[in-house]
Amino acid sequence: MRAVVVRPPAPGAAVEEVPPPSLAPGEVLVDVVECGVCGTDRDIVAGKYGRAPAGSPYLVLGHENLGRVRAVAPDVAGWAPGDWVVATVRRGCGEDRFCRANRSDECETGRFTERGIGGAPGYMAEQYVESPTYLVHVPPPLRAVAVLLEPLTIVEKAVFMGQRVIDRRGTTPGDPPTEPPTALVAGTGAVGILAALLLKVRGYDVTAIDRHDDTTPAARLLARIGATHRDAADGVGTLGDDRYELVVEATGAISLDFDLAHRLRPNGALVLTGIPDAAAPPTSVRAGELLRTLVLENQALLGSVNANRTYFEAGIRDLTVFEEKWPGVLASMITARRPLADAPAVLTDRHPGTMKTVLTVVPGGAAGP
Ligand SMILES: [Zn+2]
């Protein structure tokens, strides 16, 4: 079968013929219909990280997936050929209590693998096999947009965690407040836009910043859902004196992360989801002011990575809510669909203002479109 192959830490990607997977007891064989391309994929292709499975000279790339079941082992219940499916990404170490509970996003040993990223084959291939433990049913009406489920799960977890932190203060006699709570989203790639959608559904007044003017598809989408877009190419000064209860960061830009901390209201929470470069040179910050405000205003900074099955199931419910509330908005996030053969070019080329490029792998999957 054809697959997008990388050989980390060497840069570059190629479409190659690789052996197809074979169905074993307890597994489901899936045709990959679509695979989304994200910054992590581009970083792996640039040679920044990624790890081939043990004993393999290469890694099959790709983790944002949508597929259709082709075959099911006789001992598997609940799945049938033709079912639409999204697979989770991380596979637990099996050693700690979180991984044993299928919550490998909270792994304590670090000895997990991630399909398409580190130590396990990804989904930019015509087929994969997997245990139902890691497979999530996609209702057929969502099939045109369900390739966005995996990035949405990052947001589901981040917003859930941030809300839990905000809710630590408990309720007051003034609840619910007369004004909606305010949220800031930093970054308008797919994760940032999905965060804006989810926060709107959760009742927040949402502002999103990026480094572009109001003419991009992302800015137009934000206007359609009633969120405010600000061009922060010259910094967060574009926000004036505004501060926010919940800030969700989706850029990995280090100095921006510190600027965002100064944008928290008292009792607020900043959730970081972008992955900063650990080898970046030291950054100068007003640490005294930052830490003092953190204490005096009961603020919290927290990180959030990956997502377990719970967030995939929540994401399926919210994709349906988004489709009902803003028909066509999710589809408009997929700014390009390209054949698998174009993967090497897509993975080394980024057009500013695009939200999500999707590779079409097996059009329609096992049972046709
Ligand atoms: Zn673990």
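Any value given below was found using the heavy atoms of this structure, including those in side chains, with hydrogens, waters and symmetry copies removed. The first residue of the sequence shown is numbered 1, and numbering continues consecutively from there. Note that ligands are numbered from 1 as they come in the structure, with each ligand's atoms numbered from 1 the same way.
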Considering all heavy atoms, the nearest Leu359-Ala343 contact: CD1-CB, 3.8 Å
Would you call the rings of His137 and Trp79 parallel, tilted or perpendicular, where under 30° means parallel and over 60° means perpendicular? parallel
Is any protein N, O or S atom closer than 2.8 Å to the Zn ion (ligand 1), and if so, which? Cys93 SG, Asp96 OD2, Cys99 SG, Cys107 SG
Besides Leu29, the hydrophobic cluster formed by Ile, Leu, Val, Met, Phe, Trp and Tyr side chains linked at under 4.5 Å, directly or via other members, contains Leu23, Val129
What pair of heavy atoms forms the shortest contact from Leu222 to Ala196, and how long is it? CD2-CB, 3.7 Å
Residue pairs, two or more places apart or on separate chains, that pass salt bridge (charged side-chain N to carboxylate O under 4.0 Å, His left out) and touch residues 146-161: Asp105-Lys157, Glu156-Arg202
Report the residues that fulfil side-chain hydrogen bond (donor to acceptor under 3.5 Å, both in side chains) with Arg51, sequence neighbours left out, ordered by chain and then residue number. none
